Q: 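Mind looking over this structure? Questions follow.
If you're wondering where the values come from, they're calculated on a predicted model, not measured in any experiment.
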Amino acid sequence: MLLNLIWFTVKIERSQFSVEKSAARFREEQLIQARNEAEQLQAISISSFASRL
């Protein structure tokens, strides 16, 4: 019984780690996407400004 409890606890810890890792990866992908969008907007702004000169 104690062994089952230990095994169950280990499984829970692993699944929590997996969820946290997935969440971190998702946040990282969101940050990369936001940075790419910001760079695109900056490039559009620069070209728009340059076309007015």
Side-chain angles (χ1 to χ4, degrees):
M1 172 136 177
L2 181 60
L3 192 57
N4 285 340
L5 182 60
I6 292 171
W7 175 245
F8 185 68
T9 303
V10 168
K11 283 179 69 173
I12 289 173
E13 289 293 326
R14 282 186 184 169
S15 67
Q16 285 178 342
F17 176 74
S18 180
V19 167
E20 290 168 2
K21 191 174 175 183
S22 295
R25 190 178 308 125
F26 178 72
R27 285 191 302 271
E28 183 179 358
E29 289 171 0
Q30 283 185 317
L31 288 172
I32 290 170
Q33 183 178 357
R35 186 180 65 207
N36 289 341
E37 289 173 3
E39 288 173 353
Q40 289 174 350
L41 287 173
Q42 187 178 25
I44 291 169
S45 296
I46 290 171
S47 72
S48 174
F49 178 76
S51 70
R52 288 189 237 154
L53 295 178

Q: Sub-3.5 Å donor-acceptor pair from the side chain of Ser18 to the main-chain atoms of Arg14, do we have one?
A: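 Such a contact is absent between Ser18 side chain and Arg14 backbone.
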
Q: Counting heavy atoms not belonging to Gln42, are there more than 12 under 6.0 Å from its CD?
A: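 No, because the 6.0 Å sphere around CD of Gln42 holds 12 heavy atoms or fewer from other groups.
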
Q: Find the distance between CD1 (Ile46) and CG (Leu41) and round it off to the nearest 0.5 Å.
A: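 CG of Leu41 is found 11.0 Å from CD1 of Ile46.
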
Q: To the nearest 0.5 Å, tell me how far Leu31 CG sits from Phe26 CZ.
A: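 Atom-to-atom, Leu31:CG and Phe26:CZ are 10.5 Å apart.
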
Q: If you count the non-hydrogen atoms of other residues, nucleotides and ligands that lie under 6.0 Å from CD in Glu28, is the total more than 12?
A: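 Atom CD in Glu28 is not crowded, with 12 or fewer foreign heavy atoms closer than 6.0 Å.
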
Q: Should Phe8 and Ile12 count as side-chain neighbours, where that means a heavy-atom distance under 4.5 Å?
A: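 Yes; the side chains approach each other to less than 4.5 Å.
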
Q: Roughly how far, to the nearest 0.5 Å, is the CD atom of Glu29 from the CD atom of Gln33?
A: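 The CD atom of Glu29 is 9.0 Å from CD of Gln33, to the nearest 0.5 Å.
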
